[in-house]
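Just below is one structure, and these are the notes that go with it.
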There are 2 protein chains.
Amino acid sequence: MRTFVSVADTGQFQHTAAEMAITQQAVSKRIAKLEGDLGVRLFTRTARGTQLTIDGQVFLPHARELLRAEQRAVDSVRPGRRPLRIDVINRRTAPAALLRDFHRGYPDLQLDVLVLDDSGVDVAIAAVRSGSIDASFRAVTIPARRLPDDIKVMRVVDEPHQLLTGPAHKLATAPAVTPADLVGHRIWIPGILPGTEWATYYNDLAAEFGLAIDPIGPNFGTEHLLDVLADSATLASLVGEQTRLLWPTHYDLRRIPLYDPTPVYPHSLIWHRDNSHPALATLHHHLASIRPRRFDTGIWMPAWATRQA
Amino acid sequence: MRTFVSVADTGQFQHTAAEMAITQQAVSKRIAKLEGDLGVRLFTRTARGTQLTIDGQVFLPHARELLRAEQRAVDSVRPGRRPLRIDVINRRTAPAALLRDFHRGYPDLQLDVLVLDDSGVDVAIAAVRSGSIDASFRAVTIPARRLPDDIKVMRVVDEPHQLLTGPAHKLATAPAVTPADLVGHRIWIPGILPGTEWATYYNDLAAEFGLAIDPIGPNFGTEHLLDVLADSATLASLVGEQTRLLWPTHYDLRRIPLYDPTPVYPHSLIWHRDNSHPALATLHHHLASIRPRRFDTGIWMPAWATRQA
DNA sequence: TAGTCGCACAACCCGTTGTTGTGGCTCGCC
DNA sequence: GGCGAGCCACAACAACGGGTTGTGCGACTA
C-alpha cells in the first residue's frame with residue numbers, strides 16, 4: 001500500500017524503488033500483486049513513467065487513509081508520546097459528553113477513550129497509578145484520606161437522574177416524581193456489576209428511599225432494556241439527565257424529572273500527580289473553563305460523595 | 001490485525017484458529033509478532049483463554065478502524081457494486097459544496113469524489129461513457145446537438161463570481177465593482193490549464209470585457225495565490241461566490257461582488273443514460289429537491305452556456 | 001537507426017510464516 | 001493432593017511469498 005502511494009506520488013517505479021531501498025522489479029511485483037488482488041489496473045504504464053488510472057485516482061485517497069489509520073493504531077500504544085488515554089464508566093453518560101466537547105474544542109489533540117469494563121474505582125486508580133491510563137472519570141467511593149498521596153481527584157460534574165418509563169407505565173404521565181413515589185415500583189438497571197461504584201451508588205439510593213432497584217439483572221445491552229421498558233407497565237429505569245440514549249421513535253419512552261430530592265451522580269476526574277502528559281493539562285484547563293452545574297439543595301447523593309465537597 | 005480482532009472478540013486463540021482455518025500455533029505466532037512490532041503486550045494469557053490488556057483495549061478500536069478502512073479501499077474499486085463515483089472540477093467550488101450537502105443528507109451512501117485533473121469536459125464525457133465514473137460536474141462547452149445520444153446533461157447551479165483582493169488593492173474598498181471597472185487591472189487565476197472548460201470560460205470573459213486575465217501562470221497552489229494577493233496592490237483574482245477558501249485571518253482579503261453584469265459560471269451534471277447505479281437516482285432526487293439559484297437578468301455567461309438553458 | 005529510459009518477465013534464493021510435535025502452566029475434579 | 005483437561009508457547013521442519021539479479025521489449029529522442 002505504501003508502495004502504491006509512493007508510486008502515485010512520484011510517478012515512477014524507479015523513484016519509489018530508490019526511496020524504499022528495494023529494486024525496481026520488486027516495486028513492479030508489488031504493484032502487480034496489488035492490481036491482481038483488487039482486480040483492476042491502477043496505473044497506465046508509459047514510456048516515461050506511470051500515470052494513475054481513474055480506478056487508481058479513486059483508490060489513492062483510500063490508500064492514504066489506510067496508512068493514516070495504521071499510524072494512529074501504532075501511535076495509540078507507543079510507549080512515551082502516545083495519545084491521552086482516558087477511562088470512562090461508559091460512553092453515554094455525562095463524562096463521555098464532556099470528552100466529546102473537549103475533542104471538539106481541541107480537535108488536534110489525539111485522544112483515546114476507553115471503558116475499563118467490569119471494574120470499580122479501585123481498578124481505575126490502580127491503572128492511573130501504573131501509568132497505563134492518564135485519567136479516569138469515576139464516582140469516588142473511597143474517603144479522601146484513604147486515597148494514595150500521588151492520586152489527585154477533582155469533582156467535575158453532578159448528573160441529576162431522571163425516571164425512564166414506557167408510555168404504559170403508571171408514572172408515565174406524571175410531570176415529575178419524587179423518590180418516595182417510586183416505592184413499590186420495580187426499577188431495573190441492568191448491566192451494573194457488583195463491586196463497581198455504580199452498584200454502590202444504586203444500592204445506597206435504594207437503601208435511602210426503600211426502593212426496589214434491581215441492578216444485577218442479566219445485561220443484554222441498552223437496546224434490550226429500551227425494548228422491555230417500551231412495553232412494560234410495571235418496569236422503569238433511572239438514567240442520568242445528560243445520558244444519551246437512542247431509541248426507535250415509535251417506542252415513545254419518557255424521561256421524567258425527579259425532585260425532592262433529586263438523586264445526582266457525582267463524576268470526578270482521577271489522575272496521577274506526576275503525569276506530565278501535555279494534553280492532560282489542556283484537559284484540566286478545559287474542565288476549568290466550563291462552569292459545571294453543581295447543586296446544593298434539593299438533591300441527594302450518597303454520604304461518601306457529599307464528604308468530598 | 002484481523003487475527004488480533006478475532007482473538008479479542010473470542011477470547012481464545014483456538015477459536016480464532018478454527019475460524020481462520022489455521023492452527024493455534026500460527027495464531028500464537030501472529031499475536032506474538034504483532035506484540036513484538038508494537039513493543040507492548042496486547043493480551044494477558046490465562047489458563048482458560050486470554051484477556052485484553054489496557055494497551056490491547058486501546059488498540060482494539062484502532063484495529064477495527066483499520067480493517068474498515070481496508071474494506072472501504074477495496075470496495076472503492078470493486079467492479080460491480082462500487083460507491084458512486086463523481087468527478088468535480090475541484091474540491092472548493094459550488095459542486096463540491098453540493099456534494100457535501102448530498103452526503104450530509106444521505107450519509108449511508110458511499111461516495112467517491114475525485115478530480116479528473118488536467119482534463120476538459122470531453123475527457124469527463126469519455127470517462128462517463130466508458131463507465132469509469134458515474135457522473136461529472138462540469139461546464140459544458142459543447143453544443144447539445146454535438147453531444148453523444150447516450151450522454152445526459154442537466155444544468156445544476158449558476159455560481160456568481162466575485163473579485164478577490166488584498167487590502168492594499170485599489171478596488172479593495174469598493175462596495176461592488178463592474179467588469180468594466182476591471183479593465184486595466186491584472187487578474188490572476190493560476191492553475192487553469194489550457195483545454196479545460198475553465199480556460200474557455202475565462203478566455204471568453206476576458207474577450208467580452210477586454211480584461212487582462214492571466215489564467216496560465218505557474219500554479220503553486222491556492223495558498224501561494226492567497227499569499228501573493230494579500231500583499232499585492234495590483235493583482236486580484238476571481239472566485240466563485242460559493243467557493244471555499246481558507247486564509248490566515250491577518251491576511252484580510254476581501255470578496256467584492258460583481259454586477260452589471262455579474263459573471264456566473266454554469267455547472268452542469270453529466271451522466272450516462274444507461275447508468276443504473278442506485279445512488280445516481282438518489283443524487284438526481286436530491287438535486288431536484290434543492291431549489292438552485294438561477295439568474296436571468298444582470299448576469300453574463302458565455303454564449304455556449306446561454307444556449308443550453 | 002541507434003541509444004536511452006522505464007517497466008515486465010524469468011530464474012533463483014532467502015526469510016517469513018505456516019505446520020507438526022511437544023512441553024509447561026493453571027484450574028477443577030475426584 | 002494427584003490427575004486430567006484446557007490453553008498457550010517453544011522447537012524443528014516445510015512451503016510459499018517476496019526479494020534479487022539478469023534480461024527483454026516498447027516508446028520516445030537524437
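Just so it is clear: chains get the letters A, B, ... in the order the sequence lines come, proteins before strands, and each one is counted from 1. These values consider heavy atoms only, across backbone and side chains, with no hydrogens, waters or symmetry-generated copies.
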Report task. Identify whether the distance between the nearest side-chain nitrogen and carboxylate oxygen of R138(B) and D87(B) falls below 4.0 Å. Result -> yes
Query raised in the report: Which salt bridge (Lys or Arg N to Asp or Glu O under 4.0 Å) pairs, counting each pair once, include a residue from residues 5-32 of chain A, with sequence neighbours left out?
Result: D9(A)-R64(A)
Query raised in the report: Please, which pairs that meet salt bridge (Lys or Arg N to Asp or Glu O under 4.0 Å) have at least one residue in residues 48-60 of chain B, sequence neighbours excluded?
Result: R85(A)-D55(B)
Query raised in the report: Listed by chain and number, what are the salt bridge (Lys or Arg N to Asp or Glu O under 4.0 Å) partners of D108(B), not counting sequence neighbours?
Result: none
In whole Å, I'd like the distance from the [atom1] atom of [X] to the [atom2] atom of [N].
| X | N | atom1 | atom2 | result |
| --- | --- | --- | --- | --- |
| K33(B) | dT16(C) | NZ | C1' | 8 Å |
| L52(A) | dC7(C) | CG | P | 13 Å |
| I31(A) | dG18(D) | CD1 | P | 13 Å |
| Q51(A) | dC7(C) | CD | P | 13 Å |

Query raised in the report: Out of dC8(D), dG18(D), dA9(D), which has the shortest distance to the side chain of S28(B)?
Result: dA9(D)
Query raised in the report: Quick one: does V88(A)'s side chain get under 4.5 Å of T93(A)'s, heavy atoms only?
Result: no
Query raised in the report: Does any N or O donor sit under 3.5 Å from an N or O acceptor when you compare the side chain of K29(A) with the base of dG19(D)?
Result: yes
Report summary line: In short, ring pair (Phe, Tyr, Trp, His ring centres under 6.0 Å) pairs touching residues 6-33 of chain A with sequence neighbours left out are none
Query raised in the report: Where along residues 7-25 of chain A does a heavy atom fall under 4.0 Å from DNA chain D?
Result: I22(A), T23(A), Q25(A)
Query raised in the report: Is there a residue in residues 34-49 of chain B whose heavy atoms reach under 4.0 Å of DNA chain D, and which residues are they?
Result: R45(B), A47(B), R48(B), G49(B)
Requested in this report: Return yes if a side-chain donor-acceptor contact under 3.5 Å exists between D112(A) and H62(B), otherwise no.
Outcome: yes
Requested in this report: Measure the spacing between OG1 of T141(B) and CZ of R146(B) and express it to the nearest 0.5 Å.
Outcome: 9.0 Å
